[in-house]
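What follows is a set of notes on a single structure, which appears directly below.
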Amino acid sequence: DERIHVKHVEEKQFMHLFIGVDYGETDATSFVLYGLLPNWTGVRFPKQYWHKNTVSQGDKGVIEYADDFFRFAEECYKTYGKVMRAYVDSAAKHFWSYLKRERIRRAIGYVIIEETNKQPRGEKYDSAIEERIAIMNLMCALPGYMQIDPSCKHLIKALIECERDANGNRRDDGTTDIDSLDSCEYGWLDDIPMIESAILRAKGYVRTEKGANCGQQIY
């Protein structure tokens with residue numbers, strides 16, 4: 001609901017800030033900044049970069065997208081003063097490898113480059129995609145927990161338009177902006193167990209389940 005979840009992100013203090021990165025050559029390239037509020041009390045998406053060859057102005061490749069990424073990360077660092085971790089789509093090996101090399105060559109200390117681990121974080125879901133959908137639905141269900149800055153126009157549109165196909169899977173056939181969704185989700189994958197725990201506690205639920213891939217306990 002845009003009336004509830006789309007608001008200017010005013011917070012400046014976060015437990016940590018991560019950048020989700022989805023790289024595309026014919027598909028869109030998207031970077032989404034994700035911030036976790038103190039004590040797991042909420043998540044914010046203050047900023048997004050989006051570009052798609054043949055749609056956006058000018059065609060770009062690895063070098064140009066890398067320049068844009070470091071410019072984006074630098075702007076985020078200047079705004080929040082916090083060292084960030086960037087989770088780059090593991091399928092785009094050439095891009096995250098290039099970013100790692102460039103970070104060293106440019107002596108950049110405000111962002112660390114990591115490959116995204118797309119495996120499910122808990123035991124409830126066999127599919128990582130279904131886990132991500134369920135956690136996003138949880139975020140949306142708790143009033144005030146998740147907010148997206150209005151400047152993240154592509155992410156907002158992607159969340160509104162995403163849908164399932166005839167087989168019940170999230171549609172990924174080019175008719176919706178999966179790239180914005182992926183880059184949004186890559187940023188908070190490692191926080192799934194504790195985000196889920198915080199939301200369920202706030203809603204009054206009590207349960208136990210061991211996070212399969214991170215060894216954390218969900219109460």
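All of these numbers come straight from a predicted model, not from anything done at the bench. Positions are given from 1 along the sequence.
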* Asked: Going through the distances and angles, do Leu33 and Phe45 end up as a side-chain contact (heavy atoms from CB on, under 4.5 Å)?
  -> CA-CA 6 Å; Leu33 180 65; Phe45 300 100; over 6 Å; no
* To the nearest 0.5 angstrom, please state how far the CD1 atom of Ile195 sits from the CG atom of Leu36. => 6.0 Å
* Residues Ile113, Phe69; criterion side-chain contact (heavy atoms from CB on, under 4.5 Å); working and verdict -> CA-CA 11 Å; Ile113 311 298; Phe69 169 78; 3.6 Å; yes
* **Side-chain heavy-atom pair Asp67, Phe70 within 4.5 angstrom cut-off** => no
* Structure fact -> Here the pair of heavy atoms bringing Ser30 nearest to Val32 is OG-CG2, 3.9 Å
* To do: Indicate yes or no: at least one non-hydrogen side-chain atom of Ile160 is less than 4.5 angstrom from one of Glu2.
  => yes
* Would you check if the side chain of Asn53 reaches a backbone N or O of Glu25 as a donor-acceptor pair within less than 3.5 Å? => yes
* When clusters are formed by joining ILVMFWY residues with side-chain heavy atoms under 4.5 Å apart, either directly or through shared neighbours, do Val88 and Ile63 land in the same one? -> yes
* Asked: Does a donor on one side chain and an acceptor on the other come within less than 3.5 Å for Ser197 and Arg201?
  -> yes
* Asked: Any chance the side chains of His154 and Asp179 put a donor and an acceptor closer than 3.5 Å?
  -> no
* Asked: Can you tell if the side chain of His16 reaches within under 4.5 Å of the side chain of Asp191, non-hydrogen atoms only?
  -> yes
* With the side chain counted from C-beta on, respond yes when Tyr77 and Val111 share a heavy-atom pair under 4.5 Å apart, and no when they do not. => no
* Could you please spell out the steps behind the side-chain contact (heavy atoms from CB on, under 4.5 Å) verdict for Val55 and His51? => CA-CA 8 Å; Val55 174; His51 180 277; over 6 Å; no
* Hey, does Arg44 have a side-chain heavy atom less than 4.5 Å from the side chain of Phe14? -> yes
* side-chain contact (heavy atoms from CB on, under 4.5 Å) partner of Ile148, chosen from Leu159, Val43, Val9 -> Leu159
* To do: Start with the C-alpha distance between Glu75 and Arg71, add both sets of side-chain angles, then the distance that settles salt bridge (charged side-chain N to carboxylate O under 4.0 Å, His left out), and finish with yes or no.
  => CA-CA 6 Å; Glu75 290 171 358; Arg71 190 177 302 112; 5.8 Å; no
* According to a 4.5 Å side-chain heavy-atom criterion applied to Ile, Leu, Val, Met, Phe, Trp and Tyr, with indirect links allowed, do Ile178 and Ile135 form part of one hydrophobic cluster? -> yes
* **Pairwise side-chain contact, Asp182 with Arg132, heavy-atom cut-off 4.5 Å (strictly under)** => yes
* If Ile, Leu, Val, Met, Phe, Trp and Tyr residues are connected whenever their side-chain heavy atoms lie under 4.5 Å apart, and connections chain through other members, are Met139 and Ile4 in the same group? -> no
* Asked: Atom CZ of Arg103 and atom OH of Tyr98: how far apart are they, to the nearest 0.5 Å?
  -> 15.5 Å
* Asked: For the atom pair CG (Asp59) and CD (Glu64), what is the distance rounded to the nearest 0.5 Å?
  -> 9.5 Å
* **Gln48 side chain vs Leu155 backbone, donor-acceptor pair below 3.5 Å** => yes
* To do: Look at Lys157 together with Glu161 and state whether they make a salt bridge at an N to O cut-off of under 4.0 Å.
  => yes
* Plane angle bin for Phe95 and Tyr23 - parallel if under 30°, tilted between 30 and 60°, otherwise perpendicular -> parallel
* **Separation of Leu142 CG from Leu200 CG (nearest 0.5 Å)** => 9.5 Å
* Asked: Should Trp96 and Ile108 be counted in the same cluster of Ile, Leu, Val, Met, Phe, Trp and Tyr side chains packed under 4.5 Å apart?
  -> yes
* To do: Enter the distance from Thr116:OG1 to Phe18:CZ here, rounded to the nearest 0.5 Å.
  => 11.5 Å
* With the threshold set at 4.0 Å, does a side-chain nitrogen-carboxylate oxygen contact exist between Glu102 and Arg105? -> yes
* Looking only at heavy atoms, what is the nearest atom pair of Leu181 and Cys162, with distance? -> CD1-CB, 3.7 Å
* **Gap between atom SG of Cys76 and atom CD1 of Ile19 - 0.5 Å precision** => 5.0 Å
* Without swapping roles, check the side chain of Asn39 against the backbone of Thr41 for a donor-acceptor pair under 3.5 Å. => no
* **For Glu131 against Pro120, the heavy-atom pair lying closest together** => OE1-CA, 3.2 Å
* Asked: Are Glu163 and Arg170 ion-paired here, with the side-chain N under 4.0 Å from a carboxylate O?
  -> no
* **Lys47 and Asp149 ion-paired at < 4.0 Å** => no
* Asked: Which class fits the ring pair Tyr49 and Phe31: parallel under 30°, tilted 30 to 60°, perpendicular over 60°?
  -> parallel
* Just by modelled atom types, is the Gly24 backbone N or O under 3.5 Å from a matching donor or acceptor in the Thr29 side chain? -> yes
* Asked: Quick one: are Cys184 and Met136 in side-chain contact, heavy atoms under 4.5 Å?
  -> yes
* Asked: If every non-hydrogen atom of Asp177 is compared with every non-hydrogen atom of Trp50, which pair is closest and at what distance?
  -> OD2-NE1, 3.2 Å
* Asked: Under the 3.5 angstrom rule, does the side chain of His5 hit a backbone N or O of Ile156 as a donor-acceptor pair?
  -> no
* Counting only heavy atoms not in His94, do more than 12 sit closer than 6.0 Å to its NE2 atom? -> yes
* **Closest non-hydrogen atom pair between Tyr145 and Ala198, with its separation** => OH-CB, 4.2 Å
* Is Glu185 salt-bridged to Lys118, going by a charged N under 4.0 Å from an acidic O? -> no
* **Presence of salt bridge, Lys60 and Asp68, under 4.0 angstrom** => yes
* **By side-chain hydrogen bond (donor to acceptor under 3.5 Å, both in side chains) - contacts of Glu130 (at least two apart)** => Arg164
* Does any non-hydrogen side-chain atom of Val6 lie less than 4.5 Å from one of Pro150? -> yes
* Structure fact -> Scanning both residues in full, the closest heavy-atom pair of Ala141 with Lys203 reads O-NZ, 4.2 Å
* Asked: Under a single-linkage definition using a 4.5 Å side-chain heavy-atom cutoff for Ile, Leu, Val, Met, Phe, Trp and Tyr, are Val21 and Tyr110 assigned to the same hydrophobic cluster?
  -> yes
* Asked: Yes or no on side-chain contact (heavy atoms from CB on, under 4.5 Å) for Lys12 and Tyr80, after CA distance, side-chain angles and deciding distance?
  -> CA-CA 6 Å; Lys12 297 296 183 182; Tyr80 298 102; 4.0 Å; yes
* Asked: Considering residues at least two apart in sequence or located in another chain, which fulfil the side chain to side chain contact (heavy atoms under 4.5 Å, CB included) criterion with Glu114?
  -> Arg85, Tyr87, Ile112
